[in-house]
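Numbers for residues simply follow the sequence, beginning at 1.
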Amino acid sequence: MSLTHPKISIITNVYDAKDYLPKTVQSVLAQTFTDFELLLVEDGSPNGCGELCDELAKLDPRIRVFHKPNGGPASASNVGLKNAWGDYVGFVDSDDLIEPTMYETLLNAINTSGARIAACCGGTIDEQDQTIPGLVVGFSGGYGTRDAQELLLDAFKTGSFYGPLSWNKLFDIRTFRDKGILYDETMFFGDDASVLHRVFEGEQCCCLPDILYHYRSRAGQITTAKGFNPRKLDDLRMYWDWFTYFDKTAPRPGYASWAAVRYWRNYYIFWVQCGAAGTQQELKPLFAPHKKHLNALLPRLLGTALLPAGEKLRLATFCLSPTVFYRAAVAWGRMVDKKEGK
């Protein structure tokens, strides 16, 4: 084992995770595969995370700490990528936990399959480290060695996060460096996913059914914030980019059509969430460019066999006026509830 040339670099972005970071670091240090370095990239956190990182680095010489002004998770990941010494790279969020065998299992999968990427399933834990039943990140496309971009197709079809995540994977670092890829620093939601279509280009991925990663769901996170966090609209930008990529830059049969379907379904879900939060009018200007994209996709979506007739009717009505459609849907729901005595 070489401290200046470890086999694996593990990158952890640190922001507002002081209560959880020690457990996260311990779960990394407990890996059965020991030839790794852990890069703690402290992203200008205001609550003492920087000092905690420095203290944790004293526990093990494999830990390196980088302090930077706050710039978001993608910018922190890029600091890690630029400073990684390993042949392979993985990502662990600063409040999550991993199984002791995670990186040994993923590296063995790469060595056995000949692929340059390996992926595992993920489970969800609460703030007390307890498993939340039923919340598992899995892959419906069939486990084994697959064309890596099939993981995105599965996401378009099912909404699964198995493909569009970085933290459940181990990458040959050349899949980033040889292609000149860094994470998009304008993305705050989906930051670990938005460039993966390029990382996956020409690659195979060994897909495992093992639950080796445990994602923590906690109040106040960007992905679980009460109401609707407008940064979630980055998700629509990401799916639009994927649609245009598969439609024009790197056409693959069916991929663009499924990406369009997922774009519409995510847009609808977000609009409903805004309605429930009472922020539709406030956020309407932020939805405006995405509404133009949805209007552009409308003929294609109405003509596809991928949507049932009832959903096409809902789509067409929604596009005429999302606000009126939502109000009518809420009124109808209340009338039905009243009729049923709820």
Visitor: Compare every heavy atom of Lys68 with every heavy atom of Val41, then report the nearest pair and how far apart it is.
Guide: CG1-CD, 3.8 Å
Visitor: Look at the side-chain heavy atoms of Ile, Leu, Val, Met, Phe, Trp and Tyr, link any pair under 4.5 Å apart, and say whether Tyr20 and Leu135 land in one connected group.
Guide: no
Visitor: Taking all atoms of both residues into account, what is the closest heavy-atom pair of Lys82 and Leu182, and its distance?
Guide: CE-CD1, 3.6 Å
Visitor: Looking at Phe188, does the NZ or CZ of Arg231 lie under 6.0 angstrom from its six-membered ring centre and within 45 degrees of the ring axis?
Guide: yes
Visitor: Just checking, is any N or O donor in the side chain of Arg62 or Thr34 under 3.5 Å from an acceptor N or O on the other one?
Guide: no
Visitor: Against the six-membered ring of Phe171, is Arg116 placed for a cation-pi contact (under 6.0 Å from the centre, within 45° of the normal)?
Guide: no
Visitor: Determine whether Tyr215 and Leu97 make a side-chain contact, defined as any pair of heavy atoms from C-beta on separated by less than 4.5 Å.
Guide: no
Visitor: Can you find a pair of side-chain heavy atoms, one from Val14 and one from Asp43, that are under 4.5 Å apart?
Guide: no
Visitor: Same cluster or not: are Phe228 and Ile269 linked, directly or through other Ile, Leu, Val, Met, Phe, Trp or Tyr residues, by side-chain heavy atoms under 4.5 angstrom apart?
Guide: yes
Visitor: What ring pair (Phe, Tyr, Trp, His ring centres under 6.0 Å) pairs are there with at least one residue in residues 65-89, not counting sequence neighbours?
Guide: none
Visitor: Say whether, by atom type as modelled, one donor and one acceptor occur between the side chain of Lys7 and the main chain of Phe36 under 3.5 angstrom.
Guide: no
Visitor: Backbone N or O of Cys120 within a donor-acceptor pair of the Asn168 side chain at under 3.5 Å?
Guide: yes
Visitor: If we count only N and O atoms by modelled type, under 3.5 Å, do the side chains of Asn295 and Lys291 hold a donor and an acceptor together?
Guide: yes
Visitor: With the 4.5 Å side-chain cut-off for hydrophobic clustering, are Tyr263 and Leu306 part of the same group?
Guide: yes
Visitor: Taking Gly44's backbone N and O only, do any of them form a donor-acceptor pair with Glu42's side chain (distance below 3.5 Å, no angle check)?
Guide: yes
Visitor: Show the numbers, then the answer: is there a ring-ring contact (aromatic ring centres under 6.0 Å, His included) between Tyr245 and Trp242?
Guide: CA-CA 5 Å; Tyr245 170 81; Trp242 284 344; 9.3 Å; no
Visitor: Where do Cys207 and Leu151 come nearest, in terms of heavy atoms and distance?
Guide: SG-CD1, 3.7 Å
Visitor: Flag the pair Ile110 / Asp172 as yes when at least one side-chain heavy-atom distance between them is below 4.5 Å, and no otherwise.
Guide: no
Visitor: Glu185 and Asn78: side-chain donor and acceptor closer than 3.5 Å?
Guide: yes
Visitor: Regarding Arg314 and the six-membered ring of Tyr268, is the cationic atom NZ or CZ under 6.0 Å from the ring centre and inside 45° of its axis?
Guide: yes
Visitor: To the nearest 0.5 angstrom, please state how far the CG atom of Leu21 sits from the CG atom of Asp93.
Guide: 11.5 Å
Visitor: State, yes or no, whether a side-chain contact exists between Trp258 and Arg262 at a heavy-atom distance under 4.5 Å.
Guide: no
Visitor: Can you tell me if NZ on Lys18 sees more than 12 non-hydrogen neighbours from other groups inside 6.0 Å?
Guide: no
Visitor: Does the side chain of Ser194 pick up a donor-acceptor pair with the side chain of Asp184 at under 3.5 Å?
Guide: no
Visitor: Below 4.0 angstrom, N of the basic side chain to O of the carboxylate: do Glu203 and Arg198 qualify?
Guide: no
Visitor: Return the CZ to CD distance between Phe200 and Glu150, rounded to the nearest 0.5 Å.
Guide: 11.5 Å
Visitor: For this output row, return yes or no: ring centroids of Trp264 and Phe318 closer than 6.0 angstrom.
Guide: yes
Visitor: Look at the side chain of Asp96 and the backbone N and O of Val92, then say whether any donor-acceptor pair between them is shorter than 3.5 Å.
Guide: no
Visitor: As a quick check of understanding, evaluate side-chain contact (heavy atoms from CB on, under 4.5 Å) for Cys206 and Ile117, giving each step before the final call.
Guide: CA-CA 6 Å; Cys206 186; Ile117 305 170; over 6 Å; no
Visitor: Please find the pair of heavy atoms, one from Ser113 and one from Thr145, that lie closest to each other, and give the distance.
Guide: CB-OG1, 3.4 Å
Visitor: Do any N or O atoms from the side chain of Tyr162 and from the backbone of Gly122 form a donor-acceptor pair under 3.5 angstrom?
Guide: no
Visitor: Would you give the length of the straight line joining atom CG of Leu56 to atom CD of Glu51, rounded to the nearest 0.5 angstrom?
Guide: 11.5 Å
Visitor: With heavy-atom distances below 4.5 Å as the criterion, would you say the side chains of Cys121 and Asp210 are in contact?
Guide: no
Visitor: Under 3.5 Å, side chain of Thr101 to main-chain N/O of Glu104, donor-acceptor pair present?
Guide: no
Visitor: Could you tell me whether the side chain of Ile63 reaches within less than 4.5 Å of the side chain of Val25, counting heavy atoms only?
Guide: yes
Visitor: Hey, any chance Leu283 and Val330 share a hydrophobic cluster, counting ILVMFWY side chains that come within less than 4.5 Å of each other, even indirectly?
Guide: yes
Visitor: Tell me which pairs pass ring pair (Phe, Tyr, Trp, His ring centres under 6.0 Å) where either residue lies in residues 280-317, with sequence neighbours left out.
Guide: Trp240-His293, Tyr267-Phe287, Trp271-Phe287
Visitor: Does either side chain, that of Asn70 or that of Tyr15, offer a donor lying less than 3.5 Å from an acceptor on the other one?
Guide: no
Visitor: We want to know whether Thr32 and Tyr103 form a side-chain donor-acceptor pair, criterion being a heavy-atom distance below 3.5 angstrom.
Guide: no
Visitor: Before you tell me yes or no, could you show the steps for Lys232 and Asp235 under salt bridge (charged side-chain N to carboxylate O under 4.0 Å, His left out), namely the whole-Å CA-CA distance, both residues' side-chain angles and the distance that decides it to 0.1 Å?
Guide: CA-CA 6 Å; Lys232 291 176 72 174; Asp235 195 51; over 6 Å; no
Visitor: Do Ser160 side-chain atoms and Phe139 backbone N/O form a donor-acceptor pair below 3.5 Å?
Guide: no
Visitor: Taking it one step at a time, do Ser45 and Asp16 satisfy side chain to side chain donor-acceptor pair (under 3.5 Å)?
Guide: CA-CA 6 Å; Ser45 185; Asp16 191 26; 5.4 Å; no
Visitor: Can you find a heavy atom in the side chain of Asp192 that is under 4.5 Å from one in the side chain of Trp167?
Guide: yes
Visitor: Do you reckon Val272 sits in the same ILVMFWY cluster as Leu233, going by side-chain contacts under 4.5 Å, direct or chained?
Guide: yes
Visitor: With Ser77, which residues qualify under side-chain hydrogen bond (donor to acceptor under 3.5 Å, both in side chains), at least two apart?
Guide: Asn13
Visitor: Hey, are Asp247 and Arg252 close enough for a salt bridge, meaning a charged N less than 4.0 Å from a carboxylate O?
Guide: no
Visitor: Please determine if Arg64 and Glu37 form a salt bridge, counting it only when a charged side-chain N lies under 4.0 Å from a carboxylate O.
Guide: yes
Visitor: Strictly distance-based, threshold 3.5 Å: is any side-chain N or O of Arg216 a donor or acceptor partner for the main-chain N or O of Ser94?
Guide: no
Visitor: Are the side chain of Ser257 and the backbone of Gly254 linked by a donor-acceptor contact shorter than 3.5 Å?
Guide: no
Visitor: Within a 6.0 Å radius of atom NZ on Lys284, are there more than 12 heavy atoms belonging to other residues, nucleotides or ligands?
Guide: no
Visitor: Heavy atoms, side chains only, cut-off 4.5 Å: are Leu170 and Val89 in contact?
Guide: no
Visitor: Could you verify whether a donor N or O on one side chain and an acceptor N or O on the other, from His5 and Asp87, lie under 3.5 Å apart?
Guide: yes
Visitor: Is the backbone N or O of Ala288 less than 3.5 Å from a side-chain atom of Lys292, with the two atoms forming a donor-acceptor pair by type?
Guide: no
Visitor: Show the numbers, then the answer: is there a side-chain contact (heavy atoms from CB on, under 4.5 Å) between Tyr143 and Leu208?
Guide: CA-CA 6 Å; Tyr143 295 103; Leu208 304 178; 5.6 Å; no
Visitor: Salt-bridged, Lys23 to Asp129, with N to O below 4.0 Å?
Guide: yes
Visitor: Surrounding CZ of Phe161 (heavy atoms of other residues, nucleotides or ligands, distance under 6.0 Å), is the total greater than 12?
Guide: no
Visitor: Minimum heavy-atom separation for Ser75 and Gly72, please, with both atom names.
Guide: OG-O, 2.8 Å
Visitor: Looking only at non-hydrogen atoms, find the nearest pair between Pro289 and Pro285 and report the distance.
Guide: CD-O, 3.5 Å
